Chemist: 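The following block contains the structure, expressed as structure tokens.
Fair warning: this is a prediction, and the values are worked out from it, not measured in the lab. Numbering of ligands and ligand atoms starts at 1, following listing order.
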Amino acid sequence: MPQHVAVIMDGNGRWAKKRFLPRVAGHVKGVELVREMVRACLERGVHYLTLFAFSSENWRRPQEEVSLLMQLFVKALEQEVEKLDRNGVRLRIIGDLSRFEPHLQELIRKGEEKTAGNTKLDLTIAANYGGRWDIMQAMNRMLAAFPDRREGWQEADLEPYLSMSFAPEPDLFIRTGGEERISNFLLWQLAYTELYFTPTLWPEFDTVEFDKAIASFQKRERRFGRTSEQLVDSPDA
Ligand code: IPE
Ligand code: IPE
Ligand code: MG
């Protein structure tokens, strides 16, 4: 089983369009699938689930769609945190939260606080998140923490400041909706992640589809730069 699954939930708009519905109907349906995905991870023992909900580039969408997405985010936090908590899920939101309205920021803070003691599943929602933003904010905080140091920085120096420092790197990345790109999601953390792309639109990505992605992951050989023979001889080296 992958320990950490990261997902770009794409295709809500096209799902709605196919049904002659407004795009936002696709986002509403998409929230339902998030619930199903959380349940599936709890059942399968996936320990970290990281979902891309809103990219730093998504502000470029029509203002009406952006504001409906924000409303949905607020509603989801108001309605779901209690249930997440009961199921042992720890919620975190990563991204530049400063651009959200104060009420939303407050809901995020409360949701994180309420679920902070839970250990069954770490659910992370990336909102106003960008992989480049993450690396830059980490670098700025790292440099501020060591004002007298000028050189010799290592990868391990930066890692504690990245948004996902609490989690192992994703084992499996899934992008629904047919596009085969990263769209500025977790750039640093995906360096050795197994990538899975599917044409299935997010509102149709049910547990059967999820199991297909897991099965594909389980067939892969993760070599991390080594040869296949090395892995057979000493799998843990
Ligand atoms: C993903 O679905 C959800 C968000 C980016 C918020 P889209 O809204 O991108 O759906 P498509 O790609 O237009 O079908
Ligand atoms: C990526 O989807 C971000 C989210 C799913 C939140 P987009 O639909 O915005 O990505 P692009 O613009 O097609 O790359
Ligand atoms: Mg899209």
Side-chain angles (χ1 to χ4, degrees), residues 4-38 40-41 48-80 91-101 104-105 107-108 111 123-137 163-164 167 170 172-190 193 195-206 209-210 213:
H4 183 175
V5 178
V7 188
I8 297 187
M9 311 181 287
D10 197 17
N12 292 351
R14 279 163 285 163
W15 180 88
K17 198 170 169 196
K18 270 203 315 194
R19 284 165 179 72
F20 306 102
L21 295 168
R23 290 180 58 85
V24 64
H27 299 315
V28 171
K29 182 72 185 169
V31 176
E32 262 177 52
L33 272 288
V34 170
R35 252 183 245 125
E36 201 169 318
M37 191 76 175
V38 169
C41 286
Y48 299 88
L49 175 63
T50 303
L51 303 173
F52 205 5
F54 192 87
S55 77
S56 42
E57 289 72 32
N58 285 145
W59 297 105
R60 296 175 187 157
R61 293 191 176 198
Q63 202 246 310
E64 184 185 72
E65 180 170 347
V66 170
S67 107
L68 283 164
L69 280 166
M70 293 301 143
Q71 283 173 40
L72 265 182
F73 196 12
V74 167
K75 210 169 115 194
L77 284 165
E78 284 171 350
Q79 296 179 348
E80 306 294 334
L91 176 70
R92 289 184 183 86
I93 315 295
I94 58 166
D96 181 2
L97 306 184
S98 67
R99 195 157 164 192
F100 296 133
E101 53 148 301
L104 180 50
Q105 291 189 37
L107 281 172
I108 289 171
L123 171 64
T124 305
I125 308 292
N128 193 20
Y129 178 88
R132 290 180 182 171
W133 166 85
D134 195 1
I135 294 168
M136 291 309 293
Q137 67 78 26
S163 304
M164 293 296 300
L172 170 61
F173 161 95
I174 299 170
R175 180 169 188 149
T176 64
E179 247 53 85
E180 302 193 351
R181 54 177 173 249
I182 305 288
S183 297
N184 200 17
F185 193 26
L186 304 163
L187 295 179
W188 179 284
Q189 298 84 347
L190 291 177
T193 302
L195 307 179
Y196 179 86
F197 297 96
T198 171
T200 303
L201 305 173
W202 175 252
E204 291 167 347
F205 192 82
D206 56 15
E209 292 296 321
F210 185 35

Chemist: S183 heavy atoms, cut-off 4.0 Å: which ligand 2 atoms fall inside?
Modeler: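 This gives 10 (O), 11 (P), 14 (O) as the contact atoms.
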Chemist: How does M9 reach ligand 1, by side chain, by backbone, by both or by neither, if only non-hydrogen atoms under 4.0 Å count?
Modeler: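 Within the 4.0 Å criterion, M9 contacts ligand 1 through backbone atoms alone.
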Chemist: Give the numbers and elements of all ligand 2 atoms closer than 4.0 Å to a heavy atom of I8.
Modeler: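 Matching atoms, with element in brackets: 1 (C), 5 (C).
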Chemist: For D10, is at least one N or O under 3.5 Å away from an N or O on ligand 2?
Modeler: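 In this structure, D10 places an N or O atom under 3.5 Å from an N or O of ligand 2.
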Chemist: F52 versus Y129: any side-chain heavy-atom pair under 4.5 Å?
Modeler: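 In contact.
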Chemist: As a check for students: among R181, R175, E179, identify the option with a heavy atom nearest to atom 2 (O) of ligand 2.
Modeler: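 The residue whose heavy atom sits nearest atom 2 (O) of ligand 2 is R175.
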Chemist: Thinking salt bridges, do R35 and E32 make one under a 4.0 Å N-O criterion?
Modeler: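 Looking at E32 together with R35, the answer is no, because their closest N to O distance does not fall below 4.0 Å.
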Chemist: Is E204 paired with R19 through a side-chain N to carboxylate O contact shorter than 4.0 Å?
Modeler: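 So R19 pairs with E204 through a salt bridge.
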Chemist: Taking the minimum heavy-atom distance to atom 4 (C) of ligand 1, which of R14, R23, R61 ranks first?
Modeler: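 Among R14, R23, R61, the closest heavy atom to atom 4 (C) of ligand 1 comes from R61.
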Chemist: Near the Mg ion (ligand 3), is there an N/O/S atom from E179 that is less than 2.8 Å away?
Modeler: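 No, outside the cut-off.
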Chemist: Please examine the side chains of M70 and L104, heavy atoms only from C-beta on, and report whether any two atoms are closer than 4.5 Å.
Modeler: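 Answer yes - side chains close enough.
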Chemist: Side chain or backbone of N58 under 4.0 Å from ligand 1, or both, or neither, by non-hydrogen atoms?
Modeler: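 Only the side chain of N58 comes within reach of ligand 1.
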Chemist: If I compare all heavy atoms of W59 with all of R99, which pair ends up nearest, and what's the gap?
Modeler: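 Closest pair (atom of W59, atom of R99, distance): CD1-NH1, 3.3 Å.
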Chemist: Tell me: protein heavy atom nearest atom 6 (C) of ligand 1, and distance?
Modeler: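 Ranking protein heavy atoms by distance from atom 6 (C) of ligand 1, first comes A53 O, 3.3 Å.
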Chemist: Does an N or O from S55, backbone or side chain, lie closer than 3.5 Å to an N or O of ligand 2?
Modeler: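 Not met; the criterion fails.
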Chemist: Would you say G11 touches ligand 1, if touching means a heavy atom closer than 4.0 Å?
Modeler: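 Contact present.
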Chemist: Heavy-atom distance from atom 9 (O) of ligand 2 to the protein below 4.0 Å?
Modeler: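 Flag for atom 9 (O) of ligand 2 set to true, protein heavy atom closer than 4.0 Å.
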Chemist: State, to 0.1 Å, how close S163 and W133 come at their nearest heavy-atom pair, and which atoms those are.
Modeler: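 In terms of heavy atoms, the two residues are closest at OG-CZ3, 3.7 Å.
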Chemist: Write down the atom of M37, the atom of V7, and the distance for their closest heavy-atom approach.
Modeler: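 M37 and V7 have their closest heavy atoms at CE-CG2, 3.9 Å.
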Chemist: Write the atom name of the N, O or S atom in D10 that is nearest the Mg ion (ligand 3).
Modeler: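 Within D10, restricted to N, O or S, the Mg ion (ligand 3) is closest to atom OD1.
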Chemist: Write down the atom of F185, the atom of I8, and the distance for their closest heavy-atom approach.
Modeler: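 In this case the closest contact between F185 and I8 is CD2-CG1, 3.6 Å.
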Chemist: Run the side chain to side chain contact (heavy atoms under 4.5 Å, CB included) test on Q189 and T50 for me, step by step, so that the C-alpha distance in whole Å, both residues' side-chain angles and the decisive distance to 0.1 Å come before the verdict.
Modeler: CA-CA 12 Å; Q189 298 84 347; T50 303; over 6 Å; no
Chemist: Report yes if W15 has an N/O atom closer than 3.5 Å to an N/O atom of ligand 1; otherwise report no.
Modeler: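 No, W15 has no N/O under 3.5 Å of an N/O on ligand 1.
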Chemist: CG/L186 to OG1/T193 distance, rounded to the nearest 0.5 angstrom?
Modeler: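 Taking CG in L186 and OG1 in T193, the distance rounds to 8.0 Å.
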Chemist: Please work out, at 4.0 Å between heavy atoms, whether the side chain, the backbone, both, or neither of F54 comes within that distance of ligand 2.
Modeler: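 The backbone, only.
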